[in-house]
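Report on the following structure.
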Amino acid sequence: MDDQTSHISIQTLAAQASADHETVTKELVAPIRMSTTFLRDPDNRYPAGHVYGRTDNLSVQQTESLIASLEGADEAVLFSSGMAAATSIFLALEKPTHVIASQVMYWGFRSWLCEIGRYGHHVSFVDTSDLDAVWAAVRPGETGLFWIETPSNPLWTITDIAAIAEIAQACDAVLCVDSTAATPIFTQPLSLGADIVMHSATKYLNGHSDVIAGALATARNDTLWQRIRRTRAHLGSALGGFDAWLLMRGMRTLDVRVRRQAETAAILAARLLGHPAVAAVLYPGVERHRGHDVAVRQMIGGFGAMLSIRIKQGDAAAVAVAAAATLWKRATSFGGCESLIEHRASIEGEGSPCPGDLLRLSVGLEAADDLFLDLHRALAVAA
Ligand SMILES: Cc1ncc(COP(=O)(O)O)c(C=O)c1O
């Protein structure tokens, strides 16, 4: 962040993003930059530093700079997906590195980490909400990376970022936080001591279920960060100009979207708590949630818009509830304007820590009463 923008709130930065410095028409909204290549000057130089589209695209760079501002980061880089962003960190590590990772996390990335041995690293999956367990998993001289997701998919477990940052510092290790569900509006991991923050920008940053993208933002432009940048260039996993532009457009309303979604999620969580068909409501905003106290400290202004419910009547009833909902759409992913319901165990498959009676709810922008009524009707199927 430069000095001029450091005092401006992230709401303002996001709302006014997309301003271009185009001098001919003075258009307010930046154009979509699509060129894959750039003219050299007669003296053979590239005066703007733009050489080739795989590494240089102004729409991508403008969107990256907004993400860096939102996260209070030194720099941010965009990738063609959240998976490309996350895996790039591991591909940029020195070999061999011992990694401590959250036991409960996005299933797709966990399954990639299970094969990390092929890339010369080792991983220990730990309940990162338990600091003693994290300390016990440390291998002095070998542990080089902590990977935490908070709130974590699909149980919405909370990990104390500042506490893990202290452990990582004591081990001289890097701390990366998948902050997809928290969004930069509710949590800023770099300000709590994390080194790199990761987002599946496919979710809330975009917010309209029409872009697959990933983002990393760093506290400092160090050797690891330079390797991550080179990895993106070598693997060709950059985002395209059109997707970056859509992502920028989505982020302009990020603040208002996620605050409204989180408010609705809190209302639904409160109503579902006493529901006769519901055995448990997993939402960090609920006082009896195991991570509530830490969430109160590190999630400022809201607890996010993701929650899960466990259905008293068991696995088949959970599938039946999802089938009976009409406003809640049966689909994977989250963070869009429309609410989604998903029987997570069906998608996570064999070995998943997700209970079979769990339904994951991504709360969108619909009216809370409409969403509750639809779910209430669907739950009656199970009761
Ligand atoms: C928390 C989290 N991190 C990372 C990813 C991977 O992101 P993408 O689907 O954009 O590759 C997902 C995808 O669902 C996710 O939920």
Side-chain angles (χ1 to χ4, degrees), residues 60 63 67 71 76-91 101-114 116 125 128 147-159 161 176-184 186-187 189 194 196-217 231-232 235-240 243-244 246-247 250-251 258 261 282 284 291 299 303-308 329-336 338 340-349 352-354 358 360-364:
V60 171
T63 310
I67 293 173
E71 288 292 359
V77 286
L78 280 168
F79 292 81
S80 52
S81 68
M83 282 296 282
T87 52
S88 292
I89 298 174
F90 291 77
L91 298 177
S102 294
Q103 182 103 54
V104 178
M105 65 155 79
Y106 167 56
W107 178 248
F109 190 54
R110 189 178 193 278
S111 76
W112 187 79
L113 279 182
C114 286
I116 196 76
F125 291 104
T128 49
W147 179 272
I148 61 175
E149 181 179 317
T150 182
S152 71
N153 235 314
L155 307 181
W156 314 112
T157 313
I158 298 291
T159 293
I161 298 171
C176 297
V177 180
D178 181 340
S179 194
T180 301
T183 82
F186 298 131
T187 307
I196 296 179
V197 56
M198 178 259 159
H199 287 276
S200 166
T202 313
K203 316 299 187 209
Y204 292 103
L205 295 188
N206 172 54
H208 293 76
S209 307
D210 54 11
V211 172
I212 298 281
L216 298 178
T231 301
R232 182 183 67 165
L235 298 185
S237 53
L239 193 64
D243 283 344
L246 279 175
L247 179 55
M251 282 195 292
V258 299
Q261 286 169 287
L282 311 178
M299 299 188 79
F303 298 99
M306 294 304 299
L307 68 152
S308 296
K329 304 303 175 198
R330 279 183 306 284
T332 196
S333 198
F334 60 88
E338 61 290 306
L340 304 181
I341 189 165
E342 187 176 34
H343 182 248
R344 258 329 266 182
S346 300
I347 195 161
E348 297 197 358
S352 157
C354 174
L358 181 144
R360 187 178 83 174
L361 304 175
S362 167
V363 178

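Atoms within each ligand, like the ligands themselves, are counted from 1 in listed order.
Close contacts between ligand 1 and Ala213 involve ligand atoms 10 (O) [criterion: under 4.0 Å to a heavy atom]. Distances below 4.0 Å separate heavy atoms of Glu149 from the following atoms of ligand 1: 1 (C). Taking a cut-off of under 4.0 Å to the non-hydrogen atoms of Asn153, the atoms of ligand 1 that pass are 1 (C), 16 (O).
For atom 11 (O) of ligand 1, the nearest non-hydrogen atom of the protein is Met83 N, 2.9 Å. Nearest protein neighbour of atom 10 (O) of ligand 1, counting heavy atoms only, is Thr202 OG1, 2.6 Å. Looking only at protein heavy atoms, the nearest one to atom 7 (O) of ligand 1 is Ser200 OG, 3.0 Å. Protein heavy atom at the shortest distance from atom 1 (C) of ligand 1 is Asp178 OD2, 3.4 Å. Considering only non-hydrogen protein atoms, atom 8 (P) of ligand 1 sits nearest to Gly82 N, 3.4 Å. In this structure, atom 5 (C) of ligand 1 lies nearest to the protein heavy atom Tyr106 CD2, 3.4 Å.
Under the 4.5 Å side-chain criterion, counting only non-hydrogen atoms from C-beta, Val60 is not in contact with Val77. A heavy-atom distance below 4.5 Å is found between the side chains of Ser179 and His199. At least one side-chain heavy atom of Ile89 sits less than 4.5 Å from a side-chain heavy atom of Trp147.
Neither the backbone nor the side chain of Thr332 comes within 4.0 Å of ligand 1, counting heavy atoms alone. Of all the heavy atoms of Lys203, the ones lying under 4.0 Å from any atom of ligand 1 belong exclusively to the side chain. At a heavy-atom distance under 4.0 Å, only side-chain atoms of Phe334, from C-beta outward, approach ligand 1. Within the 4.0 Å heavy-atom criterion, neither part of Ala84 lies near ligand 1.
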Worked check of side-chain hydrogen bond (donor to acceptor under 3.5 Å, both in side chains) between Trp112 and Thr87:
CA-CA 8 Å; Trp112 187 79; Thr87 52; 5.8 Å; no
For Val197 and Leu216: C-alpha separation, side-chain torsions, deciding distance, then whether side-chain contact (heavy atoms from CB on, under 4.5 Å) applies.
CA-CA 6 Å; Val197 56; Leu216 298 178; over 6 Å; no
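For the pair Ser81 (side chain) and Ala213 (backbone), a donor-acceptor distance under 3.5 Å is absent. Side-chain N or O atoms of Trp107 include one that pairs as donor or acceptor with a backbone N or O of Glu348 at under 3.5 Å.
Salt-bridge formation is detected for the pair Glu342/Arg360: a Lys NZ or Arg NE/NH1/NH2 atom is positioned less than 4.0 Å from an Asp or Glu carboxylate oxygen.
For Ala181, the closest heavy-atom approach to ligand 1 does not fall below 4.0 Å. Proximity of His199 to ligand 1 is not established, as no heavy-atom distance is less than 4.0 Å. Ligand 1 has Met198 within reach: a non-hydrogen atom of the residue lies less than 4.0 Å from it.
Here the two rings, on Phe109 and Phe90, have centers that are under 6.0 Å apart.
In this structure, Arg110 satisfies the cation-pi test against Phe125, with its NZ or CZ atom closer than 6.0 Å to the six-membered ring centre and inside 45 degrees of the ring normal.
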